Protein chains: 2
Amino acid sequence: MSVKPTLASVAKEAGVSIPTVSQVMRGTGRISEQTRKKVLQAAKKLHYVTDSRAAAMRSGEYHEVGFLINQLSNPFNAEVISGVVDLLDAEGYLVSVLDTRDDAARQSRHLDAFIRQRRGGLIWVPALQTDDDTLAMLAAQAVPTVSFMRPANAQMDYVGIRNAEATAMATRHLIELGHRHIAYLGGVGMNFVRKQRVEGYVHTLSAQGLGEGIVWQCPENKLAGLSAMQELMHKHPQVTAVVCNGDMVAIGACLALARDGLVAGHDMSVIGFDDIQDAIVATPPLTTMAISPKNLGMRLARVLLDRMRDPKAPATATEVSAKLVLRQTTGVPG
Amino acid sequence: MSVKPTLASVAKEAGVSIPTVSQVMRGTGRISEQTRKKVLQAAKKLHYVTDSRAAAMRSGEYHEVGFLINQLSNPFNAEVISGVVDLLDAEGYLVSVLDTRDDAARQSRHLDAFIRQRRGGLIWVPALQTDDDTLAMLAAQAVPTVSFMRPANAQMDYVGIRNAEATAMATRHLIELGHRHIAYLGGVGMNFVRKQRVEGYVHTLSAQGLGEGIVWQCPENKLAGLSAMQELMHKHPQVTAVVCNGDMVAIGACLALARDGLVAGHDMSVIGFDDIQDAIVATPPLTTMAISPKNLGMRLARVLLDRMRDPKAPATATEVSAKLVLRQTTGVPG
DNA sequence: TCTTTTAGATATATCGTTATAGCATAAATA
DNA sequence: TATTTATGCTATAACGATATATCTAAAAGA
């Protein structure tokens, strides 16, 4: 294997100076057609590729952004990422994804490494337990940053979901179907998103005089949803409907029903959140609060682009609404 | 927002020279305890974080690696990634994930951007239609690279799966159960992985005098698996068992059966590949050729580490075996 | 013919680090 | 006391690129 090609080696190969090569590569300055060809040929021969870190160091222009996500294995997130990448890719940015797994220590390490790389911008879902030191560090670095799902503070752009509105809508839907004992299932701890969602659920219940509700925890995956639903049914047999924190949990809940020979939408109503691809092929197909993850991702990307172009503009907060998508897991109480 | 802190600003704050700060930050050289404290305090106050690009440029040491994956939304890949990250994170490397979506043009753009960043290492699943130019470019850059799933060429390390062995095992299992009309379902085009898997299937069939088999294409997701299975059953009603290219397709196939009121493992045997988490909670639970994705990821990481430590060592090829995990989607012909 | 303009290239400084060598001052040795 | 050695810090050059200024030769104008 040869050594990495640099401007210097290309310049030598083409018999010109280093700045000349630099100008040819970027299409700036006054260069004769003859020299241009000579340089391009040499660059091609040596497989020259610009060292963007060295370039960025001098020019101050960064075309790399990072995306710190809290759970890479969640298909909803994967689709958001694809939306972000689609738009930023078209604008000439490289998007690198890092998985924090919602662990503050891991996030801190990743964030440190990210800052060390001096990328152009950052999108992140602040991990649970994110401490003030981390926020102070991030602010000190002056990196254009957008918070996703969970707002970090008022000085930082934020893109998220109207969570309370969505769960209120879901709960209302179940009440209108005639349900009186509705539980909330999913999510762990009282993080921002879950707090909002639970609030929307609780407020709607109490506004209708249906008590304080039943709130049940579980991690965001199918297996956890399955066993949580089993426990819930055992402890609270009067429940006839559940609002779920996410589709994975909702699908898990439906699996629990199926194991007991029950049918979702008939014996028990289940409503999800996210509208992941699995929701459509689930049996029965899942009624859910739909977010278009791809659009959400593109919105995120646009906010980040705006921030990078104008670092001094006031911070923005963007919230998108969820839409109730009726499929077959909700119905009148059986 | 303040300007980004540098060694120079910390040096000024602490009243010492730039090299002194550099030495304190890295714990090298001879520094008095007094100066050390002074510098650390100044660094903390300004939230100084090393610019790793500038550092790497001088020292030649890179602690960032990239992972170009062909499908981020596939949970199997997500688990492989988590294995890679776990090990490399512990060794002080930052892993950035890029999604090529198996598109050669997108891969080419990402690879270019990656090379421009001069990272320390690369793991990639060469996209379908990867051209020789791309390989030549990569070779010219002298970046430690490991190919995953699909070998790029003999000069490059490779970590993958014993595909033919696995599908042969799967096919043999079905034959032993008494099946005589076994189809192969899933995958698109004749890429390396699919070719090997189909070969394992075809050889086993013909060795048993069961003809050439039926090979059916479809993308690696549940919905595609569902409709492909419907078509397959319509065109080839004699088929009683299918070997699938992946669990997503297998689960989709089971959904197709359920829609027709059929039961996998009884009316039709289905065997998957990967053993993703969904395989366990599928109804019925999926029989599959299991790979431990996390271990695979850690293996990958170790090969990359070895390569980075010794760039001149001969290229290695590592293949892991799949294990038949019996659940409920295979049984005697109904 | 002499000056001015312009095209086409290059010299030089710089970005934020690290590596190497060097230079004081204090301590240890002869 | 003179010399060596160790300690603690700094000057300088480099990494690979870009920005700015400069320089030469040819073309255009006076």
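Model, not experiment: these values are computed from the prediction. Quick note on labels: first sequence line is chain A, next is B, and so on, each numbered from 1. Both backbone and side-chain heavy atoms feed into the values below; hydrogens, waters and symmetry mates do not.
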Worksheet item: Out of A/R119, A/M308, A/E91, which residue meets the side chain to side chain contact (heavy atoms under 4.5 Å, CB included) rule with A/V65?
Response: A/M308
Does the side chain of [Y] come within less than 4.5 Å of [X]'s, by heavy atoms?
X	Y	value
A/E64	B/S96	no
B/L305	B/L87	yes
B/R150	B/L128	yes
B/V303	B/T318	yes

Atom-pair distance ([atom1] on [X]; [atom2] on [N]), nearest Å:
X	N	atom1	atom2	answer
A/Y62	D/dT18	OH	P	13 Å
A/Q23	D/dA21	CD	C1'	12 Å
A/M57	D/dT18	CE	P	12 Å
B/K12	D/dT10	NZ	P	16 Å
B/R30	D/dT5	CZ	C1'	10 Å
A/R58	D/dA17	CZ	C1'	9 Å
A/D51	D/dC15	CG	P	13 Å

Discussion item. For a 4.0 angstrom threshold against heavy atoms of chain B, report the outermost contacting nucleotides of DNA chain C in 5' to 3' order.
Written reply: C/dG16 to C/dA19
Please report the closest heavy-atom contact between [X] and [Y], naming both atoms and the distance.
X	Y	value
B/Q117	A/Q117	OE1-OE1, 4.2 Å
B/M156	B/W124	SD-NE1, 3.7 Å
B/P5	B/L46	CG-O, 3.3 Å

Using a 4.0 Å heavy-atom cut-off across all strands, classify [X] as base, sugar-phosphate, or nothing.
X	result
B/S59	sugar-phosphate
A/I31	sugar-phosphate
A/R53	nothing
A/T6	sugar-phosphate

Worksheet item: Can you check whether B/T20 has a side-chain N or O nearer than 4.0 Å to OP1 or OP2 of D/dC9?
Response: no
Practice prompt. Look at the side-chain N and O atoms of A/S52 and state whether any lies under 4.0 Å from the OP1 or OP2 oxygen of D/dA17.
Written response: no
Worksheet entry | A/Q129 atom CD, neighbour heavy-atom count above 12 within 6.0 Å | no
Fill in: Partners passing salt bridge (charged side-chain N to carboxylate O under 4.0 Å, His left out) against A/R307 (at least two apart in sequence or in another chain)
A/D157
Worksheet item: End-to-end bend of the helix from C/dT1-D/dA30 to C/dA30-D/dT1 (five-pair axes, 10° rounding)?
Response: 60°
Response to the item:
Taking for B/E33 and for B/R118 the nucleotide of DNA chain D with the nearest heavy atom, the one nearer the 5' end belongs to B/E33
Worksheet item: Considering heavy-atom distances to DNA chain D, does B/S32 or A/A56 have its closest nucleotide positioned more toward the 5' end?
Response: B/S32
